[in-house]
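In this text the structure is predicted, and so the values were computed from the model without any measurement.
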Amino acid sequence: MGVRRLGMVTAFMAASLWLPISGARAETEVDVALVLAVDVSRSMDPDEQELQRQGFIEAFRSPQVHDAIRNGMLGRIIVTYFEWSGVDYQNVIVPWTIIDSPETALKFADGLHDNPIGRLRRTSISGAIDFGAKLLEQTGVEPVRRVIDISGDGPNSSGRGVAAARDEAVAKGITINGLPIMLKRPSGFGDMENLDLYYKGCVIGGEGAFLVPVRERQQFADAIRTKIIREIAALPDSSLIRTIQAEVPANCMDGERGMYRWDRN
């Protein structure tokens, strides 16, 4: 009898030790850790930058995004938003924020609304990827997936090669998605005719990676909302989303050929 009672006590103690740990882990798990990396280089007109920012604000105010978060396996995500331009400029606008309700999503949107937009020279997608990867090491939670969301209107023209930065991030289990912005016709250095093909071949990567190109101003808000929902809940929309399965003709050195000459200026 004494041995049996001792065994029951031991089992109870083991269970009581295990349960709080499991609960604590559950509280720190999220469906996705999402880095929103947004181009504010001078190739973007001020009205384009405002349109871009407003698109993200509207996305996190959207009931469709709220539903996507709620319907996730855990029902919560963690998100941060930073602006980038040259290799030495990355500015966190809203730090890591847990979103687990419409109220917390609206608070995140308010944080975007209440902060001014920067505007600086050069375009370093590689710098944005590297910075995003560092941010993903600082979440303080355990995400099921880790995603960097790159939006921009030109190829990498500052810092190290974009393909190397992408490959290092993907090797860490990070997925990189893209929002190539193609509202203007190419007119000089740093512009690219087929930016979507460049993003497909040189920027995005990892499991389930995709891009949503924006060619018209009226597409902005819908494209951003669609992309955010896809990143949260894996709900594709074939009319906007292009996966990375197709053959890629882009040259990843485009945009980088003259960057050393420009960086010296």
Side-chain angles (χ1 to χ4, degrees), residues 34-62 65 79-95 97 105-132 135 147-159 162 176-196 198-199 203-204 211-228 231 240 255 259 262-263:
L34 177 59
V35 175
L36 301 174
V38 178
D39 181 7
V40 294
S41 60
R42 289 188 179 177
S43 59
M44 296 273 289
D45 294 337
D47 61 330
E48 291 175 345
Q49 292 180 346
E50 182 60 36
L51 196 65
Q52 181 177 222
R53 173 73 70 86
Q54 191 61 37
F56 282 102
I57 292 171
E58 291 180 14
F60 283 95
R61 289 177 175 170
S62 164
V65 169
V79 187
T80 186
Y81 181 108
F82 78 89
E83 295 177 339
W84 58 272
S85 56
V87 66
D88 296 321
Y89 182 82
Q90 299 91 27
N91 182 35
V92 175
I93 302 302
V94 181
T97 302
L106 292 174
K107 184 176 180 180
F108 184 85
D110 290 343
L112 294 177
H113 181 271
D114 296 339
N115 282 280
I117 301 172
R119 192 162 186 254
L120 296 171
R121 291 180 56 195
R122 302 182 183 134
T123 302
S124 182
I125 300 174
S126 58
I129 292 173
D130 290 341
F131 187 75
L135 288 177
V147 176
I148 299 174
D149 178 333
I150 299 282
S151 65
D153 73 336
N156 191 65
S157 61
S158 176
V162 64
I176 303 172
N177 298 324
L179 185 83
I181 300 167
M182 298 177 288
L183 301 181
K184 298 178 294 188
R185 293 188 60 83
S187 59
F189 178 81
D191 293 339
M192 180 171 286
E193 182 73 33
N194 298 308
L195 187 64
D196 54 343
Y198 175 85
Y199 262 65
V203 178
I204 68 174
L211 62 86
V212 180
V214 178
R215 296 183 175 86
E216 303 291 340
R217 291 175 181 271
Q218 59 267 28
Q219 291 180 341
F220 238 116
D222 286 343
I224 291 174
R225 183 174 61 251
T226 297
K227 183 163 59 66
I228 295 296
E231 286 162 338
L240 284 176
M259 68 182 180
W262 282 80
D263 283 345

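Arg225 has its side chain out of reach of Ile228: every pair of non-hydrogen atoms, C-beta onward, lies at least 4.5 Å apart. Looking at Glu83 and Tyr89, their side chains come closer than 4.5 Å, going by heavy atoms from C-beta outward. The shortest distance between side-chain heavy atoms of Val147 and Leu34 falls below 4.5 Å. At a threshold of 4.5 Å between non-hydrogen side-chain atoms, the residues Val92 and Val94 do not count as touching. A heavy-atom distance below 4.5 Å is found between the side chains of Pro180 and Leu211. Annotation: side chain of Glu48 is not in contact with side chain of Pro46 (no heavy-atom distance under 4.5 Å). Two residues are said to be in side-chain contact when any heavy atoms from C-beta on lie closer than 4.5 Å; Leu183 and Val214 meet this criterion. Proximity of Phe56 to Leu36: side-chain heavy atoms (C-beta onward) are separated by under 4.5 Å at one or more points.
With sequence neighbours left out, Asp47 forms a side chain to side chain donor-acceptor pair (under 3.5 Å) with Arg217. Shown here are the side chain to side chain donor-acceptor pair (under 3.5 Å) partners of Thr80, two or more places apart in sequence or in another chain: there are none. Every residue two or more places apart in sequence or in another chain that forms a salt bridge (Lys or Arg N to Asp or Glu O under 4.0 Å) with Asp149 is listed here: Lys227. Remark: Phe131 engages Phe82 in a ring-ring contact (aromatic ring centres under 6.0 Å, His included) (not counting sequence neighbours). Judged as a side chain to side chain donor-acceptor pair (under 3.5 Å), and not counting sequence neighbours, the contacts of Ser126 are Ser124, Asn156. The side chain to side chain donor-acceptor pair (under 3.5 Å) test applied to Asp110 returns Arg61, not counting sequence neighbours.
A salt bridge is absent between Arg53 and Glu58; no separation between the charged side-chain nitrogens and carboxylate oxygens falls under 4.0 Å.
Smallest separation of non-hydrogen atoms from Leu179 and Tyr199: N-CE2, 4.2 Å. Arg215 and Pro213 make their closest contact through NH1-CG, 3.6 Å (heavy atoms, listed as atom of the first residue, atom of the second, distance). Across all their heavy atoms, Leu195 and Asp153 have their closest contact at CD2-C, 3.4 Å. Residues Thr123 and Gly154 come closest through the heavy atom pair CG2-O, 4.1 Å. Taking every heavy atom of both residues into account, Ala128 and Gln90 meet most closely at N-NE2, 4.4 Å. Here the closest heavy-atom approach between residue Ser41 and residue Gln49 is recorded as O-NE2, 3.3 Å.
Going from atom CG of Asn91 over to atom OH of Tyr81 covers 10.5 Å, rounded to the nearest 0.5 Å. A distance of 11.5 Å separates CG of Asp114 from CD1 of Ile93, quoted to the nearest 0.5 Å. Distance CG/Leu112 to CD/Gln54: 9.5 Å, rounded to 0.5 Å. Note that the CG atom of Asn194 and the CG atom of Asp196 stand 6.0 Å from one another [nearest 0.5 Å].
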Q: Evaluate side chain to side chain contact (heavy atoms under 4.5 Å, CB included) for Phe60 paired with Val79, printing each intermediate quantity in order.
A: CA-CA 11 Å; Phe60 283 95; Val79 187; 4.1 Å; yes

Q) Ile150 and Asn177: side chain to side chain contact (heavy atoms under 4.5 Å, CB included), yes or no, with the steps? A) CA-CA 6 Å; Ile150 299 282; Asn177 298 324; over 6 Å; no

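Remark: side-chain polar atoms of Asn115 are paired, donor with acceptor, to backbone N or O of Gly111 under 3.5 angstrom.
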